[in-house]
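First comes the structure, then the notes that go with it.
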Amino acid sequence: MTLSDHPDLQMIPEWKKQYISYETLKSMLKQKDRLDLSCYGNSQRSVTGEFFTSCEEELNKVNLFYSDKLSEAHNRLETFGIVAQDVSGSKVQGDNCVIRTSSPIKRKNTNIKQIKMAVCELYLSLAFLQKYQEFNYRCFCKITIMYDSKFASEHGQKWRNERLDTSPLNTDRGKCEHLRSKLETFMIQLEGGDKLRAMKRLEVPAMDKTLVRHVSPVNMLLNETSASESAVFNETDLELLKPQLKLYKGSFLLIEFLFLIGLNLYCFNTSAINHKLIFGLDPRDHLSCYHIFEIAGVLTVCWCASVLASLHPPVLSIPQQLHPLLFHSLLLFLLLNPFSIFHAPARRWLMVTMCKVLAAPFQPVGFSECWLADQFNSLSPLFLGLRDLLCFYQINWREMWSDSPPSAVSLDCLDCGQYSMAVTCLIQCFPPWLRFAQCLRCFWDTGHSLHLLNAGKYFTVFLMVTFAGLYNMARERSALLVEGRIYLYIWAVATCTGVLVTVSWDLRMDWGLLQGNGLLKDELVYSQQLYYYAAMLADVLLRVSWAINILLAQMKDSSAAATASALLAPLEVLRRCIWNLFRLENEQLKNCEKCCAVRDFWNIWRDLEKDQNMMLKETKLPAGGTDAEIHPCI
């Protein structure tokens, strides 16, 4: 890719403001009638001087940022106890370094795995800085060459020789490579001399901002799904299909969620939103959008096959009611299997994050834990579907192995008994409780009252669920019509308050909107303002449908309410994935303001400092290494 081909795609997104303003300088060259070539070097107020004054300002900005990052990298390298030595006496060699015996690695009882992670992040930041240097240097060269070519002048070459080539951007160009070589030898030492393993760990991921696949796997799989569903409706009775699909509604929402998460990742890649940094993922080993599409596609095929087999039990000679159990058991196995297959690192990350979410408020909360708990809030119909599945097998387990025809077995018996209403309310309250507890923990850690306001937002969900349950209990007892109306009115007030609060929080706090530029904000990542206004309208409408669904999901005696609830549940999953797009965009802009392109090294190091329980008893060192001294890296 040349410099003129989408230069934004070659930038580190979080450092975008620190790059040369190439397009601005280029536009100045196009205004030929404003340039007076005879004035260069004689008057800084000349029009020609304006161009080179701008170049000077841009060069100073780039040099300052580049030098600061290099100095920061030097300091962090010394934190590891790594010091570069001039062995030859004239030029620092790239393969010579020593590790001080007084380094924190030897002083503290640190975790060697966390040390490796910190080294990898520092190495990645140096790789980014080297790309930053190369890109800006090429831009300065190209814009000055363009100046000389356009106006038949040598002023651009003179400026390059006098200013650009003598600046730190050029004179310090080898320092990044030198520091990276220090980290490479250090990582080889940490890996016990295994160079291949060390370099694999330090591998710099490609900056994939453009996606080249033209055939959409989503359309292909949706076509397959629609074809299968049309076959089902043509061959089966609708009355048999409805109760049967109740057993599969939870897994359907999960598959829809995976497809939409894949679309989220696709949008993040094309819009240069660094979700890997935001979630704290390993940039060298993570799932791409195509991995998510692949998983969702395989599950879609399995889901369709299970539904078809359940609707035509004589084909496989397996009891009709056993097919949903087999499919959901497959889902559980894919998530919990201990083998290094089916994207084991991603499954491990998901399980660890889920455990942290469930442990709220007993441990600190990060962005990943908050994000996953928010996803659970939109997947509460999935949990209700799993509850219905368990109730069905609890009641019909003995009938499952009987020789009765399918129509004789109760497929519509999904009621868990007299406590069904209370269980439904608890399931609907459980996801907002997780976020409520996280907000309380954040307030405990930081003391910011804003977290208490966020906790109040989730408390309104408790009120909505509680009064929806009380209304449905009163409605089932026809004698309590007045009491039922009172509960309905209170539910309506709680719902209006909850929707108003949640929508306001979504737009203002989570998305960062309503801060200027119309109803938007000063800086936008997505190209069209229409996307933001459409998302704002969709958030309002879908929030209302979500609130209504809380009431409909508890109406067990109404088939119309059950059908409406089944239709509204996928809309809430859709709303959550729209929310993801703008929530991570807002987080990306925060990272850009701080010029944060890799995970915070100092946070990692503080974790190492606090980790007093991990004993570094055995560290693989090169031959001759001892605990008292670490020999120079050769």
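Hydrogens, waters and symmetry mates play no part in the numbers below; they use all other heavy atoms, side chains included.
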Under the side-chain contact (heavy atoms from CB on, under 4.5 Å) test, which residues partner T497, sequence neighbours left out? V493, V501
Atom pair CH2/CG of W349 and L287 - distance to nearest 0.5 Å: 9.5 Å
Applying side chain to side chain donor-acceptor pair (under 3.5 Å) to K521 and not counting sequence neighbours gives E585
For W433, which residues count as a side chain to side chain donor-acceptor pair (under 3.5 Å) partner, sequence neighbours excluded? none
Tell me, please, which residues at least two apart from K590 pass salt bridge (charged side-chain N to carboxylate O under 4.0 Å, His left out). none
Could you tell me if the ring centre of Y147 sits under 6.0 Å from that of F52? yes
Take R76 and E72 through the test salt bridge (charged side-chain N to carboxylate O under 4.0 Å, His left out) and record every step on the way to the result. CA-CA 6 Å; R76 294 181 177 185; E72 181 181 339; 2.4 Å; yes
Listing, residues 451-464 side-chain donor-acceptor contacts under 3.5 Å, not counting sequence neighbours, or none:
unit_1 : atom_1 : unit_2 : atom_2 : d
N454   : OD1    : K457   : NZ     : 3.3
Y458   : OH     : D374   : OD1    : 2.8
Y458   : OH     : R435   : NE     : 3.2
T460   : OG1    : K457   : O      : 2.4

Is any NZ, NE, NH1 or NH2 atom of the basic residue among K17 and E523 found under 4.0 Å from an Asp or Glu carboxylate oxygen of the other? yes
Taking R583's backbone N and O only, do any of them form a donor-acceptor pair with D510's side chain (distance below 3.5 Å, no angle check)? no
Output every pair passing side-chain hydrogen bond (donor to acceptor under 3.5 Å, both in side chains) with a member in residues 350-368, not counting sequence neighbours, ordered by first then second residue. none
What pairs with D68 under side chain to side chain donor-acceptor pair (under 3.5 Å), at least two apart in sequence or on another chain? none
Shortest non-hydrogen contact from A597 to N274? O-ND2, 3.8 Å
Sidechain N-carboxylate O distance under 4.0 Å for K61, E58: yes
Contacts of D506 meeting salt bridge (charged side-chain N to carboxylate O under 4.0 Å, His left out) (sequence neighbours excluded), chain-then-number -> R543, R575
Strictly by modelled atom types, are Q375 and N580 linked by a side-chain donor-acceptor pair under 3.5 Å? yes
For W444, side chain to side chain donor-acceptor pair (under 3.5 Å) partners two or more places apart: none
Across all chains, not counting sequence neighbours, the salt bridge (charged side-chain N to carboxylate O under 4.0 Å, His left out) partners of R347 are none
Under the ring pair (Phe, Tyr, Trp, His ring centres under 6.0 Å) test, residues paired with Y19 that sit two or more places apart: Y132, F135
Solution key, residues 250-262 side-chain donor-acceptor pairs under 3.5 Å, sequence neighbours excluded:
unit_1 : atom_1 : unit_2 : atom_2 : d
S251   : OG     : Y248   : O      : 2.9
S251   : OG     : W303   : NE1    : 3.2

We want to know whether S378 and E572 form a side-chain donor-acceptor pair, criterion being a heavy-atom distance below 3.5 angstrom. yes
Over 60° means perpendicular and under 30° means parallel, so tell me whether Y526 and Y532 are parallel, tilted or perpendicular. tilted
Mind checking whether W511 and F582 have parallel, tilted or perpendicular rings, split at 30° and 60°? tilted
